[in-house]
Number of protein chains: 2
Amino acid sequence: MISYKRVFLQECEKFMQKQEVTIYDVAREAKVSMATVSRVVNGNNNVRKETREKVLAVIDRLHYQPNAVAQGLASKRTTTVGLIVPDLTNMHFAELSKGIDDIATMYKYNILLSSVGNTLLNEDQVIQNLLNKQVDGVIYMSNLMNEKAQEIFNRTNTPVVLAGTADANQEFSSVTIDYKAAEKEALGLLLKNGKKNLALVVGDGKAYVNKDNRFVAYKDFMEEHNLKNVHIYEDAKTYEDGYELFKQIKADNVDGIIATRDVTAAGIVNAAADAGVKIPEDLEIISAASTNVAKIVRPQLTTVQQPLYDIGAVAMRMLTKLMNDEELDDSHVILPYTLKKSRSTK
Amino acid sequence: MISYKRVFLQECEKFMQKQEVTIYDVAREAKVSMATVSRVVNGNNNVRKETREKVLAVIDRLHYQPNAVAQGLASKRTTTVGLIVPDLTNMHFAELSKGIDDIATMYKYNILLSSVGNTLLNEDQVIQNLLNKQVDGVIYMSNLMNEKAQEIFNRTNTPVVLAGTADANQEFSSVTIDYKAAEKEALGLLLKNGKKNLALVVGDGKAYVNKDNRFVAYKDFMEEHNLKNVHIYEDAKTYEDGYELFKQIKADNVDGIIATRDVTAAGIVNAAADAGVKIPEDLEIISAASTNVAKIVRPQLTTVQQPLYDIGAVAMRMLTKLMNDEELDDSHVILPYTLKKSRSTK
DNA sequence: TTGAAAGCGCTAACAC
DNA sequence: GTGTTAGCGCTTTCAA
């Protein structure tokens, strides 16, 4: 019965649209079983050389390509990993993604992308959707996981690695830098340069790196050095936000700034220039990120150099191990950063 | 027999790891057939209200989530589209991707990402891999499709839309701007401002937008206006490339530049400033792209504003129609651009 | 409105 | 080294 259908389809194909060649067709043409074709396709060694060659010839002639969806269903592995990212147009995430992508490619994984910046879908819906697609693993780079999302991750066996972020309880594997130490070192530089009225400019105040790290480090530092004027500016996400914020900064007599995004820092720098405020004489500024923008703006920004590409790459490498049921040497990798001095500080 | 296995698994689940609830389990618990559960899950109206509610209650209780891989195999639709992009850290592609992503989300498609910047895999291998995963459609935004890739696309029924690029023969649906007109308008501005020694600075000279559009428009323009000194600089991709290139530009006495990337333009601008060359008095420059960088660099860049987000969004919308077997009103959409004058030209 | 059953294209025991 | 066969979890006729 099936063979009738096959024959019919074959006849159709001659006149109609492009065929879908299946493993079944290859087996028939090569006069072997499906299992043997499967073995050849998957590089299994238990195939006689001549058989292999015969099968490969047919595969070539018929332009056979395995259906990865069927493979996925049968083998329970999709060779696909989910990537959860807030916004690809933010260079921070683009750089992380590149590291992830390169290692994923190396290990023959595809990437299923999910943005969560969008308000159309909640984060937990996005994650559930990804898991329903049977991804073998997930890399999470968003700012803060909500409770529902955590619950979902806990209910599944799919391994998860956080890249460039972490959860407060360290329940998930993660790759980060020491954000607190970086923050303190940067503040230390400003203080050493004689600045006393130090401010913190961040994008999302609720993000783990800010709330649980930079804010803490900043407050510690201020207390340690007996500095009373605490200035934390939140929601400064764009160049324009930075440019606008400068008025406030000036009104507050701030003379030293750590900005978490360098587009924001660039906005502040340009606004200062336009207002005749001299950098670094009257105002010093350090960016906690470092993309192209940091070297394009004049004066060039002193930055905390995060190894974003490496963070992504290491996270993906860790994920490949987890997907392979290997043990991790370290579930919470902390990569080194460097404070790169440039013209926006003395 | 099956039921034995089920019972065994259920017993296991109580002690062991997290379960995988299937449509079969839901059907049994709700005392209906798999078909009915399937209908409920897929919002089919042919289900009595009470039955639906009963099933939904069980789904909720069991935390049932459909296996999208199995759905894909059975229905031959994966609700996934492939995205082929050279480099996500290039803002041009990041912006395009955002438009694509938003519309994809709106239509409930996931995005399977494939970078082709990587030399590990050829473009055609990447594309074949995407198709093997049974994506319902593909958005292609790379620079130039090689022949093998075209062949693969032609052999498949999977619809393809090119975003921000096109093929010379217009065989594929595409969304672009009128690159030639934009180029000529920009050159016209430089000429009007008294610049005579006009140069073109591009990244990839083999890219369709350059080879078949900007180069052609440039050469036309030069001929039309009887300008003899043709200067085309290729492979200027980064800020540093731009900065380095300035020496050559100066040596060639160029006084007007169109640069296709604004990081490159920024490099040229900063190099000019460092060399004491005045912009726009001695050298005018227009960027054919416009990202944040164009407004951060001083003097701000005059740019050709491409509606990148819209190009991506329209391309994805077109793809949804093609995947739905709808007719397209127009297979080659051309979106408007604007020449936005700023401080890098008079 | 519901159910039974035949696939979707492949993998992986298991048998030979 | 190769074939047989029973699934993977779902959709989709077709019949009732």
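We use all heavy atoms of the structure for the numbers below, so side chains are in, but hydrogens, waters and symmetry mates are not. Being a predicted model, the structure only gives us computed values, none of them experimental. A, B, ... follow the sequence lines: proteins, then strands. Residue 1 opens every chain.
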Under 4.0 Å between any heavy atoms, over every strand shown, what does V32(B) touch: base, sugar-phosphate, or nothing? Just pick one. sugar-phosphate
Atom CZ of R77(A) and atom P of dC10(C) are separated, to the nearest Å, by 18 Å
Quick check against the 3.5 Å criterion: does S75(A) have a side-chain atom that pairs as donor or acceptor with the backbone of Q71(A)? yes
E20(A) has an atom CD; how far is it from atom P of dC8(C), in whole Å? 13 Å
Rounded to whole angstrom units, what separation is found between the NZ atom of K54(A) and the P atom of dG1(D)? 14 Å
Quick one: N44(B) CG to dG3(C) C1', roughly how many Å, whole number? 14 Å
Contacts satisfying salt bridge (Lys or Arg N to Asp or Glu O under 4.0 Å) that involve residues 55-69 of chain A (not counting sequence neighbours) are E29(A)-R61(A)
Provide, to the nearest angstrom, the distance between the OH atom belonging to Y24(B) and the P atom belonging to dT11(D). 17 Å
Return each pair, listed once, that meets salt bridge (Lys or Arg N to Asp or Glu O under 4.0 Å) where at least one residue sits in residues 101-112 of chain B; pairs must be two or more places apart or across chains. none
My understanding is that only one of L113(B), L162(B), I139(B), I127(B) makes a side chain to side chain contact (heavy atoms under 4.5 Å, CB included) with I84(B); could you say which? I127(B)
Verdict with reasoning, N129(B) to N110(A), per side chain to side chain donor-acceptor pair (under 3.5 Å): CA-CA 9 Å; N129(B) 185 255; N110(A) 280 108; 3.1 Å; yes
Specify the separation, in whole Å, of atom CG of D25(A) and atom P of dC10(C). 9 Å
For V47(B) and A68(A), take the nucleotide of DNA chain C holding the closest heavy atom to each; which residue's nucleotide lies nearer the 5' end? V47(B)
Can you name the residues that form a side-chain contact (heavy atoms from CB on, under 4.5 Å) with K148(A), not counting sequence neighbours? D124(A), N146(A)
Counting only side-chain nitrogens and oxygens, does T22(A) get under 4.0 Å of the OP1 or OP2 atom of dG9(C)? no
Have a look at the helix from dT1(C)-dA16(D) to dC16(C)-dG1(D) and give the angle its two end axes make, five pairs each, rounded to 10 degrees. 30°
When rounded to whole Å, the CD to C1' distance for the pair E53(B) and dT1(C) reads 15 Å
Whole angstrom is fine here: how far is it from CD in Q134(A) over to P in dC10(C)? 19 Å
Taking salt bridge (Lys or Arg N to Asp or Glu O under 4.0 Å) as the test, write out the residues that go with D310(B), two or more places apart. none
Proximal nucleotide (of dT1(C), dG9(C), dT2(D)) relative to the L73(B) side chain: dG9(C)
N/O (side chain, T36(B)) to phosphate O (OP1/OP2, dT2(C)) under 4.0 Å: no
With a 4.0 Å cutoff (strictly under), does any side-chain N or O of K76(A) reach OP1 or OP2 of dG9(D)? yes
Does anything in residues 62-89 of chain B pair up under salt bridge (Lys or Arg N to Asp or Glu O under 4.0 Å), and if so which pairs, sequence neighbours excluded? K98(A)-D87(B)
Does a side-chain N or O from N67(B) land closer than 4.0 Å to OP1 or OP2 of dC10(D), or not? no
Non-neighbouring partners of A74(A) that pass side-chain contact (heavy atoms from CB on, under 4.5 Å), sequence neighbours left out: none
Only counting residues at least two apart or in another chain, list the ones meeting side-chain contact (heavy atoms from CB on, under 4.5 Å) with L56(A). V40(A), R52(A), I59(A)
Is there any protein nitrogen or oxygen under 3.5 Å from a nitrogen or oxygen in nucleotides 11-14 of chain C, and what are the pairs?
unit_1	atom_1	unit_2	atom_2	d
dT11(C)	OP1	N42(A)	OD1	3.4
dT11(C)	OP1	N42(A)	ND2	3.0
dT11(C)	OP1	Q71(A)	NE2	3.0
dT11(C)	OP2	S38(A)	OG	2.5

